[in-house]
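Scroll down for the structure; my scribbles are underneath it.
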Number of protein chains: 2
Amino acid sequence: MKDTDVMMNQAAVVLKLLGDKTRLTMLKILDVHDCCVCEFVEVFTMSQPSISQHLRKLKDVGLIQEERKGQWIFYSMNKNSVHYTLIRPLLEQLPNQSYKIKELERSGKRILCC
Amino acid sequence: MKDTDVMMNQAAVVLKLLGDKTRLTMLKILDVHDCCVCEFVEVFTMSQPSISQHLRKLKDVGLIQEERKGQWIFYSMNKNSVHYTLIRPLLEQLPNQSYKIKELERSGKRILCC
DNA sequence: TAACTATATAATAATATACTTATATATACA
DNA sequence: TGTATATATAAGTATATTATTATATAGTTA
């Protein structure tokens, strides 16, 4: 298969991941804030396994990375990912989602660890 | 629902459409070349109804537009679409697909109409 | 060590997606 | 007007996706 086909395939795979409201919002948030799973469970009204599965998909393509901090596993944007260049201009055009994190802080549910 | 949620939803819908290799390639091509259905049938090894259905999805969100020219219906990028701003920087990063159109021309299958 | 919290994985079910074939529609042209 | 060509739509099927519940794993702390 041609090089360019491989690139088109990879772009399609990444864009399919962004084509889900939950994951898209996660990425917009992670572009600014590191977050752990239980925070996302609060932000999205969704079960913990569902959140875990979304995060796994993003991790599997290398868009995000995880780091354990004590009890929690924090996810962050992998800005060195080969795909970050592709999605960055996209994320820039999306409305800021930091208010969701501020709401967490207000309700005392933001995890400030270590 | 919040304004920003509506925007995130819409972005996710558009990105899901781009998250398919065939449609992504169609858009990259249509960004430069107008094409009719039968040309896409040649470019992608895929049935005519399948091509039609992909084009319809892109048309339904306003990303592309159609124009009948005699026997053929030509599709083109709708650069005035509210979503074009979102996807343009993306398309720019994809490898050029014009060689697919050049192959059509070489094999005499490019439709040069009106 | 036991109990608790956070996260991941497995199994499953409902729904969505992307093809296919068959058929309808619209234009072109002999 | 009849036939051919281009496209759209309908119906059906296989597969993918996204959620759920149940359970496993790993770290924390009493």
Side-chain angles (χ1 to χ4, degrees), chain A residues 8-9 12-27 30 34-61 63-76 104 108-114, chain B residues 8-10 12-27 29-30 34-61 63-76 104 108-114:
Chain A
M8 292 298 284
N9 267 332
V13 166
V14 169
L15 292 171
K16 179 174 287 181
L17 288 182
L18 302 217
D20 173 276
K21 196 202 171 188
T22 303
R23 284 191 299 261
L24 188 62
T25 308
M26 282 175 163
L27 287 173
L30 288 173
D34 294 4
C35 278
C36 67
V37 180
C38 62
E39 289 174 318
F40 280 130
V41 172
E42 284 296 325
V43 166
F44 305 101
T45 312
M46 199 174 283
S47 69
Q48 174 268 317
S50 194
I51 297 292
S52 266
Q53 285 158 14
H54 282 303
L55 289 168
R56 186 140 117 83
K57 288 179 184 180
L58 296 174
K59 197 187 68 177
D60 282 350
V61 299
L63 271 176
I64 66 173
Q65 55 208 355
E66 62 177 42
E67 181 189 3
R68 180 175 280 276
K69 290 188 181 174
Q71 217 168 351
W72 299 278
I73 294 179
F74 278 77
Y75 285 88
S76 59
L104 275 191
K109 286 171 176 164
R110 177 74 164 145
I111 309 287
L112 295 172
C113 169
C114 311
Chain B
M8 293 299 284
N9 268 332
Q10 287 179 341
V13 167
V14 169
L15 292 170
K16 178 174 289 182
L17 287 183
L18 301 218
D20 173 276
K21 196 201 172 187
T22 303
R23 284 191 298 262
L24 188 62
T25 307
M26 283 175 162
L27 286 173
I29 291 175
L30 288 173
D34 294 3
C35 280
C36 67
V37 179
C38 62
E39 289 174 317
F40 281 130
V41 172
E42 283 297 326
V43 166
F44 305 102
T45 313
M46 198 173 283
S47 70
Q48 173 268 317
S50 193
I51 297 293
S52 267
Q53 285 157 15
H54 282 303
L55 289 168
R56 186 141 117 83
K57 289 181 184 181
L58 296 174
K59 198 187 67 174
D60 282 350
V61 299
L63 271 175
I64 66 174
Q65 53 207 357
E66 61 177 42
E67 180 190 2
R68 181 175 280 276
K69 290 186 181 177
Q71 217 169 350
W72 299 278
I73 294 179
F74 278 77
Y75 285 87
S76 58
L104 275 191
K109 286 173 177 163
R110 178 74 163 146
I111 309 286
L112 294 172
C113 169
C114 309

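Naming: A, B, ... by sequence-line order, numbering from 1 per chain.
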According to a strict under-4.0 Å criterion, is [X] in side-chain N/O contact with OP1 or OP2 of [N]?
X: B/Ser47; N: C/dC19; answer: no
X: B/Lys16; N: C/dT17; answer: yes
X: A/Lys57; N: D/dT18; answer: yes
X: B/Arg56; N: D/dT9; answer: yes
X: B/His54; N: C/dT17; answer: no
X: B/Ser50; N: C/dA18; answer: no
X: A/Tyr75; N: C/dA6; answer: no

Quick check for you: to the nearest 0.5 Å, what is the distance between [X] atom [atom1] and [Y] atom [atom2]?
X: A/Leu63; Y: A/Arg23; atom1: CG; atom2: CZ; result: 10.5 Å
X: A/Lys16; Y: B/Asp20; atom1: NZ; atom2: CG; result: 6.0 Å
X: B/Met46; Y: B/Ile51; atom1: CE; atom2: CD1; result: 5.5 Å
X: A/Cys35; Y: A/Ile111; atom1: SG; atom2: CD1; result: 10.0 Å
X: A/Lys21; Y: A/Phe44; atom1: NZ; atom2: CZ; result: 8.5 Å

Closest listed nucleotide, where the reference is the side chain of B/Val37 and the choices are C/dA18, D/dA8, D/dA19: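 The answer is D/dA8.
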Nearest-neighbour nucleotide for the B/Ile73 side chain, C/dC19, C/dT9, D/dT7 considered: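 Output: D/dT7.
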Criterion side chain to side chain contact (heavy atoms under 4.5 Å, CB included) against B/Leu27, the qualifying member of B/Thr22, B/Leu17, B/Ile64: B/Ile64
Touch class at under 4.0 angstrom, heavy-atom based, for B/Phe40 against every strand present: nothing
Touch class at under 4.0 angstrom, heavy-atom based, for A/Glu39 against every strand present: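 Since no nucleic acid heavy atom lies under 4.0 Å of A/Glu39, the category is nothing.
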Rounded interatomic separation in angstrom, taking [atom1] from [X] and [atom2] from [N]:
X: A/Asp60; N: C/dA8; atom1: CG; atom2: P; result: 11 Å
X: B/Lys21; N: D/dA16; atom1: NZ; atom2: C1'; result: 18 Å
X: A/Leu17; N: D/dT17; atom1: CG; atom2: C1'; result: 11 Å
X: B/Gln48; N: D/dT7; atom1: CD; atom2: C1'; result: 5 Å
X: B/Trp72; N: D/dA4; atom1: CH2; atom2: P; result: 17 Å
X: A/Phe44; N: D/dT18; atom1: CZ; atom2: C1'; result: 14 Å
X: B/Glu66; N: D/dA8; atom1: CD; atom2: C1'; result: 10 Å
X: B/Leu24; N: C/dA18; atom1: CG; atom2: C1'; result: 16 Å

Flag, side chain of B/Arg56 to backbone of B/Leu58, donor-acceptor distance under 3.5 Å: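 No, because the side chain of B/Arg56 does not come within donor-acceptor range (under 3.5 Å) of the backbone of B/Leu58.
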Side chain A/Gln53 and base C/dA8 donor-acceptor under 3.5 Å: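 No, no donor-acceptor pair under 3.5 Å.
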Inter- and intrachain pairs under side-chain hydrogen bond (donor to acceptor under 3.5 Å, both in side chains), touching residues 42-51 of chain B, at least two apart: B/Glu42-B/Lys109, B/Gln48-B/Ser52
Could I get a table of every N or O pair under 3.5 Å where one atom is in the protein and the other is in nucleotides 27-30 of chain C?
none

